[in-house]
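Sequence lines set the chain letters: A, B, ... in the order given, protein chains first and strands last, and positions in each chain run from 1.
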Protein chains: 2
Amino acid sequence: MISVETAVHLIQQHLPDWGTETVPLTEPRYSRLAEAISSDRPYPPIDRIMMDGIALRWAAYESGQRAFPILGVVPAGEVPPMLTDPQACFEVMTGAALPQGCDLVIPYEVLEIRDGMAYIRHPEPWSPYQFVHRCGSDAPAGQQVLAAGTPLHSPAWGILASVGQTEVRVQRRPRTQIVATGNELLPPDHVPQPHQLRLSNAYALMAALKRQGYAQVSIIHLPDDPVQLATHYRQASQEYDLLIYCGGVSKGKFDYLPQLWRDQGVEQYIHGVAQCPGKPLWFGVDHRQQTAVFGLPGNPVSSLVCLHRYVLDMPPLYARLATPFAFEQPLTYFLPVKLETTKTAELIAHPRPMHNSGDFLALADSDGFLELPASQAVFAAGECYRYFPWS
Amino acid sequence: MISVETAVHLIQQHLPDWGTETVPLTEPRYSRLAEAISSDRPYPPIDRIMMDGIALRWAAYESGQRAFPILGVVPAGEVPPMLTDPQACFEVMTGAALPQGCDLVIPYEVLEIRDGMAYIRHPEPWSPYQFVHRCGSDAPAGQQVLAAGTPLHSPAWGILASVGQTEVRVQRRPRTQIVATGNELLPPDHVPQPHQLRLSNAYALMAALKRQGYAQVSIIHLPDDPVQLATHYRQASQEYDLLIYCGGVSKGKFDYLPQLWRDQGVEQYIHGVAQCPGKPLWFGVDHRQQTAVFGLPGNPVSSLVCLHRYVLDMPPLYARLATPFAFEQPLTYFLPVKLETTKTAELIAHPRPMHNSGDFLALADSDGFLELPASQAVFAAGECYRYFPWS
């Protein structure tokens, strides 16, 4: 069996490049930028006033002049006027463009305004362009302001709007179908017999994918019937970029899905990873249609852990184990934890181990999971490990 | 001016209770549970087999019997049969229900199966119900499995499906309109004159709200015209639960919005908070329609910071300042930072100060912001402060 690291590497290497798609500004959705974004004009685009006050010529002030006739008021958003009289001034508002011919702003705090005149009451050694945010000082026109690959959090959408990007190319989220297999499964609106279970994995996986900006996610439930599964595969591999199989497949039964996928022309890259839960993980690619196929292990916790570790692209964190934990087998162990954030800026992970159940109920009080390396059997309190929050 | 803490308290105290709404399992969306969820039946609902092997009577094994005729195979999802012969056994698959009359499971690893018989090759001191996950041991029927208020991350959706909740009551996200005011603003698809700006705040705010599960968010741009603003308010306060005003309002102009809101019957709770940026923050409630009104300061960074601090309900984190920072005024300072996550499970905040611009460009390289308390002017490297990640 391969290691978790090898599995991650194989997936990165073979996962198809699904290209890009365009998202409009009006329907922001989480993904990563697929193109670099540059400034369309200098920022700020004007010499921008930073304080309410008057704008004048520095030379006049420097020569000792302290009373200035006011030619008018310049609010933000208006075409800046020309200072026709070098001994005069304009009243200017924060955000306005510096009037042409002016190179100094003096704030109201040191002024008296009376009868159309501004009097400087507290002269100070002002320098030219003080309280002026110079045109282009944040970015000249044509400078990269967002790199390709930037995650699209809210400030990025503000930047895109600022520079006039009404739509943006992002990494395309694959059209995804979750295929729940298992004769013992019923839809959630059914009342199961004691030996039956409701379909639940698929809904947890869908919720996780949607939160990460996967807009097209559907669910289908199929019985454990190779003919139906093969028929479905041929159609679905044309319509979807990503097929995520999961559901109540016991060990014996699970084995025919890999054979079925291989028979359908899917190239297998992973079958079995040295991890718990999630040992039977399968991954392959149908190169004819660029369709990726994940076979997630049947139990709910395995499938959700594998989705987060291998499919979602979430930034890595580390958390400190609050209490000791032991796992004897030479497998990477994924341990559900409750996260505590301390005032000393630490992330503390409180184990919420699964006991003997693979059921979702055990995750009710967890925020994510730790990845405990296969090379250790005993994990002491205070040690730090990779932490994956639930999407 | 009131403190940030007082402002948070006033908002919590006066923000209307917008009740609950129903979200279907098939359209998961981030919010918090508005009801407690209980198990509909015992979990597991059966005595569940945990290993592939045989199921038999412990008394027969204990009496020394080591060869058992196999009556049949029990896969997961089938009605468990009755063990009619107390000296016989069933082959059982992981996830299957324990056949009636059996109280012991012995895994294949210690068995030999030949000619319809199971032979125990490596007898061990098995105890009754070993490798059986007992019915109801995770939760009896009727036990609370999710508390009201639980954030709806992916495992919660799996639990909801498990217990048969095809829809769920969540805290209702308010119908929200973002009102951008300012004559200098143009829609993002226009080419502005140098003294004009594109509407950008509103798009950043909308992206932040949508990521938190606000499904109904619209944007409107209105000129700085009290008559139009009043007309709009009367209509919008009927249609929306939450009105977030922002946009290029200079200090002088901004003052007429509070008067306009008060004239329209909005009860004012906050006008001005001892913080930078965002000093002019306004908050009130129109109690006739349960409409909340936020007046966010004009500059883009202020409006986004205020949205995260006062409107969004995001869990608190703490991060450690990587380099010293100083801010002399007795105001809470919101400092944009780039977050580093260390292998020692620490969150380190690298300041990305705003310099003299309130523009979004400065946030391109930030992940969120620190809240630096008003009581300090100097913030040493290594000190920890509250951290808010960008939505």
Original post:
Looking only at heavy atoms, what is the nearest atom pair of B:Pro188 and A:Ala161, with distance?
Top reply: CB-O, 4.0 Å

Original post:
Any idea which of B:Pro42, B:Ser162, B:Ala96 has the most non-hydrogen atom pairs under 4.5 angstrom with chain A?
Top reply: B:Ser162

Original post:
Can you say whether A:Glu346 sits under 4.5 Å from chain B via the side chain, the backbone, both, or neither, judging by heavy atoms?
Top reply: both

Original post:
Do B:Met206 and A:Pro28 touch side chain to side chain, with heavy atoms closer than 4.5 Å?
Top reply: yes

Original post:
Measuring heavy-atom distances to chain B, does A:His190 have an atom under 4.5 Å in its side chain, in its backbone, in both, or in neither?
Top reply: neither

Subject >> Region of A:Leu25 that comes under 4.5 Å of a non-hydrogen atom in chain B >> reply: both

**OP:** State the CZ-OG1 distance between B:Arg198 and A:Thr166, to the nearest 0.5 angstrom.
**Re:** 9.5 Å

Original post:
Going from OH on A:Tyr318 to OG1 on B:Thr341, what distance comes out if it is rounded to the nearest 0.5 angstrom?
Top reply: 7.5 Å

**OP:** Could you look at A:Asp40 and say if it's the side chain, the backbone, both or neither that has a heavy atom under 4.5 Å from chain B?
**Re:** side chain

Subject >> Residue A:Lys343 versus chain B: region with a heavy atom under 4.5 Å >> reply: both

Subject >> Nearest-0.5 Å distance, CG of residue A:Leu98 to NE2 of residue B:His195 >> reply: 14.5 Å

**OP:** Identify the residues of residues 382-391 of chain B whose heavy atoms come closer than 4.5 Å to a heavy atom of chain A, ordered by number, or report 'none'.
**Re:** B:Cys384, B:Trp390, B:Ser391

**OP:** Output the distance between atom CG (A:Leu160) and atom CZ (B:Phe360), rounded to the nearest 0.5 Å.
**Re:** 10.5 Å

**OP:** Against chain A, label B:Leu347 side chain, backbone, both or neither, depending on which of its atoms sit under 4.5 Å from a heavy atom there.
**Re:** both

Original post:
Where does B:Ala364 contact chain A at under 4.5 Å (heavy atoms): side chain, backbone, both or neither?
Top reply: both

**OP:** Examine whether an atom of A:Leu197 lies under 4.5 Å from a heavy atom of chain B, and if so say whether it belongs to the side chain, the backbone or both; otherwise answer neither.
**Re:** both

Original post:
Between A:Glu78, A:Gln193, A:Gln196, which residue shows the highest count of heavy-atom pairs closer than 4.5 Å to chain B?
Top reply: A:Glu78

Subject >> Nearest atoms (heavy-atom pairs only) where A:Glu184 meets B:Gly77 >> reply: CB-CA, 3.0 Å

**OP:** Sort A:Ser39 into side chain, backbone, both or neither according to what part of it lies under 4.5 angstrom from a heavy atom of chain B.
**Re:** neither

Subject >> A:Glu167, part contacting chain B, at a heavy-atom distance under 4.5 Å >> reply: neither

Original post:
For A:Ala208, is it the side chain, the backbone, both, or neither that has a heavy atom closer than 4.5 Å to a heavy atom of chain B?
Top reply: both

Subject >> Leading residue by heavy atom contact count with chain A [cutoff under 4.5 Å; candidates B:Gly158, B:Ala319, B:Pro80] >> reply: B:Gly158

**OP:** Find the one option among B:Asp189, B:Leu304, B:Leu209 whose heavy-atom pairs under 4.5 Å with chain A are most numerous.
**Re:** B:Leu304

**OP:** Decide side chain to side chain contact (heavy atoms under 4.5 Å, CB included) for A:Leu205 and B:Trp157; before the verdict, give the C-alpha distance in whole Å, the side-chain angles of both, and the deciding distance to 0.1 Å.
**Re:** CA-CA 9 Å; A:Leu205 299 177; B:Trp157 291 101; over 6 Å; no

**OP:** Sort B:Pro192 into side chain, backbone, both or neither according to what part of it lies under 4.5 angstrom from a heavy atom of chain A.
**Re:** both

**OP:** Name the option with the most non-hydrogen atom pairs under 4.5 Å to chain A; the candidates are B:Ala202, B:Ser154, B:Ser218.
**Re:** B:Ser154

Original post:
Does B:Arg211 reach the main-chain N or O of A:Arg211 with its side chain, forming a donor-acceptor pair under 3.5 Å?
Top reply: yes

**OP:** Measure the spacing between CD of A:Glu27 and NZ of B:Lys210 and express it to the nearest 0.5 Å.
**Re:** 6.5 Å

**OP:** Just give me the residue among B:Ala97, B:Pro336, B:Pro194, B:Ala207 that pairs up with chain A most often, heavy atom to heavy atom, under 4.5 Å.
**Re:** B:Pro194

Original post:
What part of A:Pro187 gets closer than 4.5 Å to chain B, counting heavy atoms only: side chain, backbone, both or neither?
Top reply: neither

Original post:
Among A:His153, A:Arg320, A:Arg41, A:His308, who wins on heavy-atom pairs under 4.5 Å with chain B?
Top reply: A:Arg41

**OP:** Considering only heavy atoms and a distance below 4.5 Å, find which of B:Leu363, B:Val191, B:Thr344 pairs most often with chain A.
**Re:** B:Thr344

Original post:
Do you know which of A:Leu186, A:Thr26, A:Ile159 has the most heavy-atom pairs with chain B at a distance under 4.5 angstrom?
Top reply: A:Ile159

